[in-house]
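All remarks here apply to the structure that follows.
Numbers for residues simply follow the sequence, beginning at 1. In what follows, every heavy atom counts, from backbone to side chain, and hydrogens, waters and symmetry copies are set aside.
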Amino acid sequence: MVDNNKDDEFIGRLKPLTFIIFMVISILIARVGYLQVYDGEYYAKLADGNRIRIIPSMAPRGTFFDRNRQLLVTNRPGFTVSLLPLTEPIKDEVIVKLSELLNVPLEDIKRRIDVHYGFDPIRIKTDVTPDIVTIIEEQKSTYPGVVIEVQPIRNYILKQEAAHTFGYVSEISDEELERKKSEGYKSGDIVGKFGLERIYDKYIRGQNGGEQVEVDVAGKPVQILGKKEPIPGADLILTLDRDLQVAAEEAVDAQLAAIGAHAAAAVVMNPQTGEVLALVSRPAFDPNLFAHGISTKDWNEINENPYHPMDDKAITGEYPPGSTFKIVTGTAALAAEKVDPEELIFDGGTHWLIPKGNAGGEALGWLNFRDALAHSDNVYFYEMGNRLGVDLLEYYSRMFGLGELTGIDLPYESEGMVASKALKRKLYDDDWYLSETFDAAIGQGFNLVTPLQAAMVMGEIAAHGRRYKPHLVRQIVTQDGELIKEFQPELLSQLDVPDWVIELVQSGLHDVTKYGTAASNFIGFPYDIAGKTGTAENSQGRDHGWFVGYGPFENPTIVVSVIVEQGGYGASSAVPIGRKIMEAAFAIANDRAQYLAQKNNPQPAPPQ
């Protein structure tokens, strides 16, 4: 007999369970419908994102040309080993093998992986040799996730020459990346670190391109869905003259070898425009070493050199100007009417107030202004300092632009120092003494200038008191030649002194090369020039040798400034370099003038 009560009880329990099952199924169906219909497009994009990757390609940096469109800095193709984790992290055993193959520390590779974000390649080593490329390509299964990229590698054609001006490039550091993320910089980007590469990086770095690649579940590329070509960076047309730069470097190197010195700097510029024609600093370095990742051995060799190859001594080196400063003192004394040009001052070997005299104990007798400047007489200029006082010396020094940055388009420029009571109080909390004014008047004591500043002072005299901003770039252009930016001469200031004062100083500097301290070095020189030698005392060793000059005398187009560290007397250490640079400058100018004349006025061919 069937128990109906039990059946009813079972059915009663089944109904709620059935309802619950029905509700769960209904919810699942509704959710699937919602995801497919309402959020379908969103999840389709996510699915595509799991199989589509953007692989960037680096833009070549802009090319550097000299003022005559001669090539200076360019790019060459190179192979870079990178990690590209498309679907899963790179395995530890692959990282270990890669470290051994590339001779890159394991910690360096792991650090690069840790700071990596997105799907950009993790670049491990740049500019590898073909045998490395062959090993990785032939053993792809051993190096999953390792790829070879063809990238533009910076090529500094002149190697060490003009290295401090061009600078160098390297991979962006973690600190730089934090500062520049908002500007579109990414991990692994190559950026300018020094010189023009750094100053004009935003123009010359270009815009990276890339490929949109579809990959399979193993991360292997299946097809290219889209491609954006990289846009090369803009080119720089520099003010430098490649031939003159090479000649200046050769002159410096030859003289250093001849006298056994190790460090020097030279500046060549046009005083009428501020264009820098050559810039030399010794010792130097090869920026190509940084372009593909400098080795520890090469870095140690540079870093441990006691003469500091990485310092651009032309703009960062600060030296006592020595007797080259007499240009400032003489201008100040004449303009402030502290001396009449024809007044005779007696040099008996030492000054009558403080027993300071000439180098070597010379006594030159009665001297007027031109003779005193030509022979660089200390006693005469001690008296000029005595009459002026340090406050007027400071005033005229700053009028010449000393004690401040010149504004040249290079990083890390030094501003030098101008002797003053306030400076001594700041540095030593002490009073000023007359002997220190004497020192300041002949470019010693608290006075410090860079070789570029010394060139600027001489340039102001050459340009009749006008001071132009020094610059190294004439134009920024696209690779198609379209002008982006052009740099015109920029007048910074005008010496507030009478014309006759500048003309008298010019005459005294002209006499320096005719019968003064530089005369013996310019015997037979085919051009009329002006110059000034200097010997700056150095507490760390031998004196520094200086020479500043300009020419041609009637219409100056060249100003030269040379310093030889611990070279001794300027007449024997720096002047020979200055002469060779001027010889090269005038010869180059004449050769080009003759070439252009022949090009514009070709001679008829001789009859057959």
Side-chain angles (χ1 to χ4, degrees), residues 269 271-272 321-345 364 367-385 387-388 392-402 418 440-443 447 449 453-468 492-519 522 527-534 546-561 570 575 578:
M269 58 188 296
Q272 312 289 353
S323 291
T324 64
F325 189 79
K326 291 170 183 174
I327 298 170
V328 177
T329 304
T331 301
L334 293 171
E337 299 182 349
K338 299 298 182 180
V339 67
D340 182 274
E342 296 305 320
E343 178 186 352
L344 296 177
I345 294 175
L364 300 184
L367 298 164
N368 63 16
F369 179 84
R370 283 182 62 170
D371 288 339
L373 188 58
H375 293 292
S376 197
D377 187 75
N378 283 353
V379 173
Y380 184 97
F381 283 93
Y382 287 144
E383 178 58 17
M384 296 304 99
R387 296 182 184 186
L388 283 163
L392 270 178
L393 268 178
E394 179 189 6
Y395 173 77
Y396 281 95
S397 296
R398 297 196 184 280
M399 185 188 294
F400 271 93
L402 298 178
V418 170
I442 64 164
N447 283 321
V449 302
Q453 288 175 326
M456 294 287 286
V457 168
M458 195 61 157
E460 289 172 77
I461 296 299
H464 296 279
R466 296 185 299 274
R467 177 165 63 104
Y468 289 93
L492 297 177
S493 65
Q494 171 79 41
L495 290 178
D496 185 17
V497 301
D499 289 343
W500 68 267
V501 170
I502 295 177
E503 291 167 3
L504 188 59
V505 174
Q506 290 173 339
S507 298
L509 296 173
H510 182 242
D511 294 341
V512 169
T513 64
K514 292 302 178 183
Y515 65 84
T517 55
F522 283 95
Y527 292 90
D528 248 2
I529 64 167
K532 185 72 191 78
T533 60
W546 277 102
F547 173 71
V548 290
Y550 69 82
F553 181 69
E554 295 298 333
N555 182 29
T557 57
I558 297 289
V559 164
V560 175
S561 168
V575 175

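- Side-chain atoms of Ser397 never come within 3.5 Å of backbone atoms of Leu402 as a donor-acceptor pair (strictly under, hydrogens ignored).
- The CG atom of Leu509 sits 8.0 Å away from the NZ atom of Lys532 when rounded to the nearest 0.5 Å.
- Here the closest heavy-atom approach between residue Ala530 and residue His510 is recorded as CB-N, 3.9 Å.
- The shortest non-hydrogen separation linking Ala372 to Tyr380 is CB-CG, 3.3 Å.
- Among all heavy-atom pairs drawn from Ala454 and Val449, the shortest one is CB-CG2, 4.5 Å.
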Quick one, Phe400 with Ile461, criterion side-chain contact (heavy atoms from CB on, under 4.5 Å). Give me CA distance, side-chain angles, the key distance, then yes/no. CA-CA 10 Å; Phe400 271 93; Ile461 296 299; 4.2 Å; yes

Compile the donor-acceptor pairs under 3.5 Å between side chains in residues 493-503 and protein atoms, sequence neighbours left out, one pair per line.
from: Ser493; atom 1: OG; to: Arg467; atom 2: NE; distance (Å): 2.9
from: Ser493; atom 1: OG; to: Arg467; atom 2: NH2; distance (Å): 3.2
from: Gln494; atom 1: NE2; to: His464; atom 2: O; distance (Å): 3.0

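- Taking a 6.0 Å sphere around OH of Tyr395, one finds it holds 12 or fewer heavy atoms contributed by other residues, nucleotides or ligands.
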Is there a side-chain contact (heavy atoms from CB on, under 4.5 Å) between Val512 and Phe522? Walk through the geometry before answering. CA-CA 10 Å; Val512 169; Phe522 283 95; over 6 Å; no

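- When side chains are defined from C-beta on, Asn378 counts as touching Lys326, because their heavy atoms get closer than 4.5 Å.
- For the atom pair CG of Leu367 and CD of Glu343, the computed distance is 11.5 Å after rounding to the nearest 0.5 Å.
- Taking a cutoff of 4.0 Å between a charged side-chain nitrogen and a carboxylate oxygen, Asp528 and Lys514 qualify as a salt bridge.
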Determine whether Ile345 and Met384 satisfy the following criterion, side-chain contact (heavy atoms from CB on, under 4.5 Å), listing intermediate values before the conclusion. CA-CA 10 Å; Ile345 294 175; Met384 296 304 99; 3.4 Å; yes

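- Scored by the ring-ring contact (aromatic ring centres under 6.0 Å, His included) test, Phe381 finds no partners at all (sequence neighbours excluded).
- Between the side chain of Glu342 and the backbone N or O of Asn368, no donor-acceptor pair lies under 3.5 Å.
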So Val418 and Tyr396, side-chain contact (heavy atoms from CB on, under 4.5 Å) or not? Walk me through it. CA-CA 10 Å; Val418 170; Tyr396 281 95; over 6 Å; no

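- Minimum interatomic distance between Trp546 and Ser561 (heavy atoms only, all atoms of both residues): CZ3-OG, 3.8 Å.
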Begin from the C-alpha positions of Ser376 and Ser323 and carry the test side-chain hydrogen bond (donor to acceptor under 3.5 Å, both in side chains) through to its verdict. CA-CA 7 Å; Ser376 197; Ser323 291; 3.1 Å; yes

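- Looking at Leu393 and Phe325, their side chains come closer than 4.5 Å, going by heavy atoms from C-beta outward.
- In terms of heavy-atom proximity, Tyr527 sits nearest to Pro552 at CD2-CG, 4.4 Å.
- Put simply, CG on Leu492 and CZ on Arg466 are 13.0 Å apart, with the number rounded to the nearest 0.5 Å.
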List the atom pairs, donor and acceptor, that lie under 3.5 Å between side-chain atoms in residues 328-338 and the rest of the protein, sequence neighbours left out.
from: Thr329; atom 1: OG1; to: Ala441; atom 2: O; distance (Å): 2.8
from: Thr331; atom 1: OG1; to: Ile327; atom 2: O; distance (Å): 2.7

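- The distance from the CE atom of Met458 to the CD1 atom of Ile558 is 13.0 Å, given to the nearest 0.5 Å.
- Side-chain contact between Thr557 and Gln272 is absent, with no heavy-atom pair separated by less than 4.5 Å.
- When every heavy atom of Ala462 is checked against every heavy atom of Val559, the shortest pair comes out as CB-CG2, 4.3 Å.
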